[in-house]
Number of protein chains: 2
Amino acid sequence: MALTIGQVAKQCGIGIETLRFYEREGLIAQPSRPDSGFRTYPPESIRRVRFIQRSKALGFSLKEIKELLSLRVDSVTSCGEVKKRAEEKISDIEKRIHALREMKDALAKLTAACRGKGPTGECPILEALGEPGRTPASEAPETGRKGGGKRWQ
Amino acid sequence: MALTIGQVAKQCGIGIETLRFYEREGLIAQPSRPDSGFRTYPPESIRRVRFIQRSKALGFSLKEIKELLSLRVDSVTSCGEVKKRAEEKISDIEKRIHALREMKDALAKLTAACRGKGPTGECPILEALGEPGRTPASEAPETGRKGGGKRWQ
DNA sequence: ATGCACCCCGTACCGCACTACGGTGTCAAG
DNA sequence: CTTGACACCGTAGTGCGGTACGGGGTGCAT
């Protein structure tokens, strides 16, 4: 019934090292270690790891997942706290979506303006990004460093 | 006319260290260094830094920005290449938006199912994440480590 | 000439989430 | 009893995008 770390790892599609990492980070409990010191996991551990994986997939960081797990442990806390976290995460995700959409719109405008032909010097995309063709600086070969002298020391 | 690193930094709202970092990473050219070894930037550098900042804001990584900049330098390349990168970035951003939307929908479904009252043991959110209330493992006090013996060595 | 702001450098560090390494110990099968 | 798979440990390295530190040297104004 009890599982080795390798079995848990395999069942969760995760590396052994990752499991040890989660343990170090306090995301999963210290498993019992009879006799030889080998970790021995109860089958429930699989669920806990899956909890972590699903939460990750929902955009929670390990830090946040740890908090979520700690809510469960001190069961004085009501379910409302959990709901609050989830709602915060939703608005966080909405912000990220919004930012991405703005990026996308800006980029779309640029690509629409660009014929896609001709030299880079006339590219409206590059122009909009701020570089009006080559810059003197970009040609200046190493004036310091490699070239010549031992200035500085 | 020529600028010190501090002036460039201030004008771009960026740290001096960051500027040196960009230089090390090949994102900005080695500035000239007359006499004392102090970096001396032409005013155009400001534009180059802004290019980087805007590109970052559009979701390009420093690595990608470097590529974008190199396209400009070897001006054999046509503007079409730039357009291609921008379009790839757009679809990349779209993918990210899509993934975030899925996260959001999943979370929204969970919060909708949750009354927000009662103990964590009955929380539909936690349940959906995979943990049906407390787990034995989460109570198990350190069975190894700190507690007792010198197994292993 | 003295003070002080500014700049130089290399190196190390941050947070995140792992991943790898290497030397050693344990278990189960043959 | 040997062999091979598996597990143990601490430490270090990865990639990203910076940020900080400390022990100096310069430039300019007073």
Side-chain angles (χ1 to χ4, degrees), chain A residues 2-28 30-41 45 49 52-67 69 92 96 142-146 149-153, chain B residues 2-28 30-41 45 49 52-67 92 96 142-146 148-153:
Chain A
L3 303 161
T4 67
I5 194 171
Q7 289 165 336
V8 174
K10 185 169 284 181
Q11 290 210 32
C12 297
I14 208 181
I16 287 173
E17 307 292 335
T18 305
L19 237 20
R20 297 210 311 118
F21 169 73
Y22 286 167
E23 184 182 323
R24 277 199 303 278
E25 298 293 300
L27 283 157
I28 56 184
Q30 307 273 5
S32 61
R33 291 151 173 275
D35 34 287
S36 57
F38 281 23
R39 290 170 179 81
T40 310
Y41 297 86
S45 318
V49 175
I52 296 168
Q53 296 181 296
R54 283 181 213 144
S55 304
K56 257 165 55 68
L58 287 177
F60 290 92
S61 70
L62 294 191
K63 194 162 171 286
E64 290 166 331
I65 295 170
K66 196 176 168 183
E67 285 168 17
L69 286 163
D92 173 50
R96 276 150 72 187
E142 42 267 62
T143 319
R145 274 313 59 78
K146 228 184 304 190
K150 78 305 283 274
R151 46 199 118 221
W152 285 102
Q153 173 172 220
Chain B
L3 303 161
T4 67
I5 194 171
Q7 289 165 336
V8 174
K10 186 169 284 182
Q11 289 209 33
C12 297
I14 209 181
I16 287 173
E17 306 293 335
T18 306
L19 236 20
R20 297 208 313 117
F21 171 73
Y22 285 167
E23 185 182 324
R24 278 201 302 279
E25 298 292 299
L27 284 157
I28 55 183
Q30 307 273 4
S32 60
R33 293 151 173 275
D35 35 286
S36 57
F38 281 24
R39 288 170 180 81
T40 310
Y41 296 88
S45 318
V49 176
I52 296 169
Q53 296 181 294
R54 282 181 213 146
S55 304
K56 256 166 55 70
L58 289 177
F60 291 91
S61 69
L62 294 191
K63 194 162 172 287
E64 289 165 333
I65 295 169
K66 195 175 168 184
E67 285 169 16
D92 173 48
R96 275 150 72 187
E142 43 268 59
T143 320
R145 272 318 53 82
K146 229 185 308 193
K150 77 304 283 276
R151 47 200 119 217
W152 285 102
Q153 188 171 207

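In what follows, every chain begins at residue 1, and chains take the letters A, B, ... in the order their sequences are listed.
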Checklist entry - A:F21 side chain: which of C:dA17, D:dG27, D:dG17 is closest? => result C:dA17
Checklist entry - Has B:S36 got a side-chain N or O lying under 4.0 Å from the OP1 or OP2 atom of C:dC7? => result no
Next on the checklist: I want to check one thing: is the phosphate of C:dC8, taken as OP1 and OP2, less than 4.0 Å away from some side-chain N or O of B:R39?
Outcome noted: yes
Checklist entry - Looking only at side-chain N and O atoms, does B:R20 come under 4.0 Å of OP1 or OP2 in C:dC9? => result yes
Checklist entry - Rounded to the Å, how far apart are B:E23 CD and D:dG17 P? => result 18 Å
Item to check | Below 4.0 Å: OP1/OP2 of C:dC6 and any side-chain N or O of B:T4 | outcome: no
Next on the checklist: Among residues at least two apart in sequence or on other chains, which ones pass side-chain contact (heavy atoms from CB on, under 4.5 Å) with B:Q53?
Outcome noted: B:C12, B:I14, B:V49, B:R50
Checklist entry - Hey, does A:G6 reach any base, or is it just sugar-phosphate, or nothing, if we go heavy atoms under 4.0 Å? => result sugar-phosphate
Item to check | 5′-ward residue of the pair A:Y41/A:R24 relative to DNA chain D | outcome: A:Y41
Checklist entry - Think B:T18 has a side-chain N or O under 4.0 angstrom from the OP1 or OP2 of D:dG17? => result no
Checklist outcome for this item: Sorted by chain and residue number, the salt bridge (Lys or Arg N to Asp or Glu O under 4.0 Å) partners of A:E25 (sequence neighbours excluded) come out as none
Checklist entry - Could you state the CD-P distance from B:E64 to D:dG17, rounded to the nearest angstrom? => result 9 Å
Checklist entry - Which one, D:dA7, C:dC8, C:dC27, comes nearest to the side chain of A:D35? => result C:dC27
Checklist entry - Do B:I65 and B:Y22 pass the side chain to side chain contact (heavy atoms under 4.5 Å, CB included) test, and can you show the C-alpha distance, the side-chain angles, and the key distance before you say yes or no? => result CA-CA 11 Å; B:I65 295 169; B:Y22 285 167; over 6 Å; no
Checklist outcome for this item: Closest to the side chain of A:E17, out of D:dG17, C:dC21, C:dC9, is C:dC21
Item to check | Phosphate-side-chain proximity, A:K10 and D:dA5, N/O vs OP1/OP2 below 4.0 Å | outcome: no
Checklist entry - What is the distance from CD1 of A:I16 to P of D:dA5, rounded to the nearest Å? => result 14 Å
Item to check | From D:dG27, C:dC7, C:dA17, nucleotide with atom closest to A:L62 side chain | outcome: C:dA17
Checklist entry - Within this structure, what is the CD1-to-C1' distance between A:I5 and D:dC6, rounded to whole angstrom? => result 11 Å
Item to check | N or O in side chain of B:K63 less than 4.0 angstrom from D:dG17 OP1/OP2 | outcome: no
Checklist entry - With respect to the side chain of A:F38, which nucleotide from C:dC7, C:dC9, C:dT26 is positioned closest? => result C:dT26
Checklist entry - Can you find a side chain N or O atom of B:Y22 that sits less than 4.0 Å from OP1 or OP2 on D:dG17? => result no
Item to check | Any side-chain heavy-atom pair of B:P34 and B:T40 under 4.5 Å | outcome: yes
Next on the checklist: To check you understand the geometry: which heavy-atom pair defines the closest contact between B:P31 and B:R39, and what is its length?
Outcome noted: CG-CG, 3.5 Å
